[in-house]
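The structure displayed is predicted, hence computed values, not measured ones.
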Amino acid sequence: MGRKKSGAESHAEAASDGAQSDLGSMSGLAMLRQMPGIAWRGLHLVWVAGRRELLFAIGLQVTSGVSIAAGLLLLHEILSVFSKSAGSTNLSSLVPALVAFAVVTAAAGFASAVAPEQRLMLTELVSKTAMDGVLDITCAVDLETYESHTFHDHLERVQKNALSTPHQLVYGLLTLLQSLITAVSISFALLLIQPVLVVFIVGGLIPLWLTTRLNSRDMFRFIHDITPRDRERGYLTRILTGKDAASEVRSFNLPNFLRNRYDQLYGERIDLLQRVVRGRMRRSLIGSAAVSLAIVGVLSVLILLVLSGRMSLADAAVSALAARQLSSMMQSLNTGMASLLDSVIFLRDYESFLQVGKTLEKTRPSAPAPAGFGRLKVNDLSFTYPGASKPVLHNIDLEIRAGQSIAIVGRNGSGKTTLAKLLCGLYMPTSGQINWDSTDISKCDPAQLREAISVIFQDFMRYELSAHANIALGRHSHYQDDSAVKYAAVQAGIHNKLESLDHGYETVLSKAFDDSTELSLGQWQAISLARAFFRDARFLILDEPTAALDAQAEYELFETIRTLTKGRSLLLISHRLASVRAVDRIYVLEHGRIIESGNHDDLISADGHYAQLFRLQASGYSSQAEPLSR
């Protein structure tokens, strides 16, 4: 069975492929034509992040550029006056020019000293704005999008670049701006003295621009191609450094094995990067040689002009200085463009990632969720995971009414948890419908729909927050309701334990912080159940709620659940068949299909799959059961 991709998933794939092909196929002239657009997009992001800081930074760049050009003209004036009055002791006519020269030099010095601080502040603001955009999308996308490897690659690049690239972006943008202003100002001054020199300098920078374009293209390709391996390496880093995996990793003597794989991936990254860097260095050498030849050409022209008497020595000195500064500014201009080009992957990936959010806004269902809960009916439901060729659920039909309890049982991998995620709107069916009081939930606002559902999955979260927070997150709008939090803990059988902690309900449940504590797995499961009870929803889904509880705690919990679910609907997923005997209806799932349904007595009488599983589990408690080892 085929599967229709979500809008966010399809957009992520198209944007990722498009960004790579666009830059990879772009010619030097095309890149030059696109530079204003790239600069504008970068400028827009920086403007959104901190417009006041950006305006101040621009003012500093203008001050610096104009001051340098003004200083050159003033220096030319000073040298000209001095050469004309050679031998004279009265140089009072130089005082105004000297004072003006001191002022513009001081202004340039101030701008140069303050600019790095402003750039640092802007970089921080851009990083925050970029990460805000990333988090907005990751909080908004549906669970199904997270099943797409393309989305993960896109997210990995954007998330990593959102932390590292803003420095390049801000540096490139401000360097480009300052160099452009300064180069134009110096060119204007140089044109007044000797126009032909500008042609030599600009001509010598063309090879440098071409090498920069090729270098940026290679770096883009490297970052794009290395992302999947970087994701795996990042995962291995979390496994090797994280607490949750520490016990099993050491029990199976895995540290060296996993470390070798980590080293292999890092080695591949370094090998690829070395090839890219060597190519970039060769091209940069060629570009630098071209600039040097241009400078030599300028000096040669100046010497010829002086020797021929067409230029005074003072004009030649200032022209040489202006040419050197103009060359330096043109190289800075090229550096700024290179930095901007290196941030193209971030700008394009970031913009296309934000488009995922716009796509979600257009495609997200907005119909109001049903106000009550009379019946949830599933009709011919099938579901296929992203990237999978076969469906995990086939033609499911089931029904749960208000106040009714049902159970889904079956072997591991039969699709129980996936079905639960579909019922609470985390996934949408590939085909078929889920109707809540005759309303197709695929048309309802997901956030509204989930307000009426409380769900605890087998892989529940253990938040490294206070005990109070771990329960109150069940319905954060009532976070401050201490009495309701404690009542939920009492219902889940964890209140006494939490009260006995050093700081009671304010104790942080994690060993990662000072003055905190850690709970056992069973106690954590009780916390997760308290979170579900605190939510106080009309439809309660419990996925293996007693997997980590002992027999006594399991019995007491189910007695509590029977009390709590009066008037509510309960979906229970459990591999312990003794736990589901009292529910109104049991659905038996096998290989993604419902093969039996009925209450416990009916299924036992039918002597089918459920009866076989029940007898198999019961035999484990029989005194006649054979020991597992002799």
Side-chain angles (χ1 to χ4, degrees), residues 31-32 34-51 53-69 71-72 107-127 129-130 161 164-188 201-202 204-217 219-220 280 283-284 287-288 290-291 294 322-347:
M31 184 72 80
L32 186 61
Q34 294 236 358
M35 178 52 66
I38 294 170
W40 176 254
R41 293 201 294 271
L43 183 64
H44 176 73
L45 178 58
V46 178
W47 174 262
V48 171
R51 60 189 64 185
E53 290 78 7
L54 177 60
L55 288 174
F56 184 47
I58 291 174
L60 291 173
Q61 312 310 319
V62 172
T63 300
S64 177
V66 172
S67 296
I68 291 173
L72 285 171
F110 171 78
S112 178
V114 175
E117 309 301 327
Q118 199 66 10
R119 185 167 63 237
L120 178 64
M121 191 68 241
L122 268 174
T123 297
E124 195 68 26
L125 291 172
V126 173
S127 292
T129 300
N161 289 327
S164 62
T165 309
H167 170 75
Q168 282 182 313
L169 176 63
V170 173
Y171 173 80
L173 192 63
L174 294 183
T175 300
L176 184 67
L177 184 63
Q178 179 186 9
S179 302
L180 189 61
I181 294 171
T182 306
V184 170
S185 300
I186 294 176
S187 296
F188 177 75
I201 296 170
V202 173
L205 290 171
I206 293 175
L208 190 62
W209 160 251
L210 293 175
T211 60
T212 299
R213 182 261 163 185
L214 294 172
N215 285 348
S216 298
R217 182 199 62 187
M219 184 55 69
F220 181 97
R280 285 165 63 99
R283 295 192 194 103
S284 297
S288 298
V291 173
R324 185 69 188 90
Q325 287 188 328
L326 179 58
S327 175
S328 177
M329 285 301 104
M330 295 296 281
Q331 289 187 65
S332 294
L333 186 66
N334 185 72
T335 300
M337 288 192 289
S339 188
L340 275 180
L341 287 175
D342 283 343
S343 64
V344 164
I345 185 172
F346 165 66
L347 285 171

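- Side-chain atoms of Gln118 come within 3.5 Å of backbone atoms of Glu53 as a donor-acceptor pair (strictly under, hydrogens ignored).
- When every heavy atom of Pro116 is checked against every heavy atom of Ser112, the shortest pair comes out as CD-O, 3.1 Å.
- Scanning for side-chain contact (heavy atoms from CB on, under 4.5 Å) contacts around Ala111 gives Leu60, Thr63, Ser64, with sequence neighbours left out.
- Using a 4.5 Å heavy-atom threshold, the side chains of Leu43 and Leu54 count as touching.
- Partners of Ile181 by side-chain contact (heavy atoms from CB on, under 4.5 Å), not counting sequence neighbours, listed by chain and number: Gln61, Val62, Leu177, Ser185.
- Rounding to the nearest 0.5 Å places CH2 of Trp47 at 7.5 Å from CD1 of Ile58.
- Between Ala57 and Leu122, the shortest heavy-atom contact is CB-CD1, 4.0 Å.
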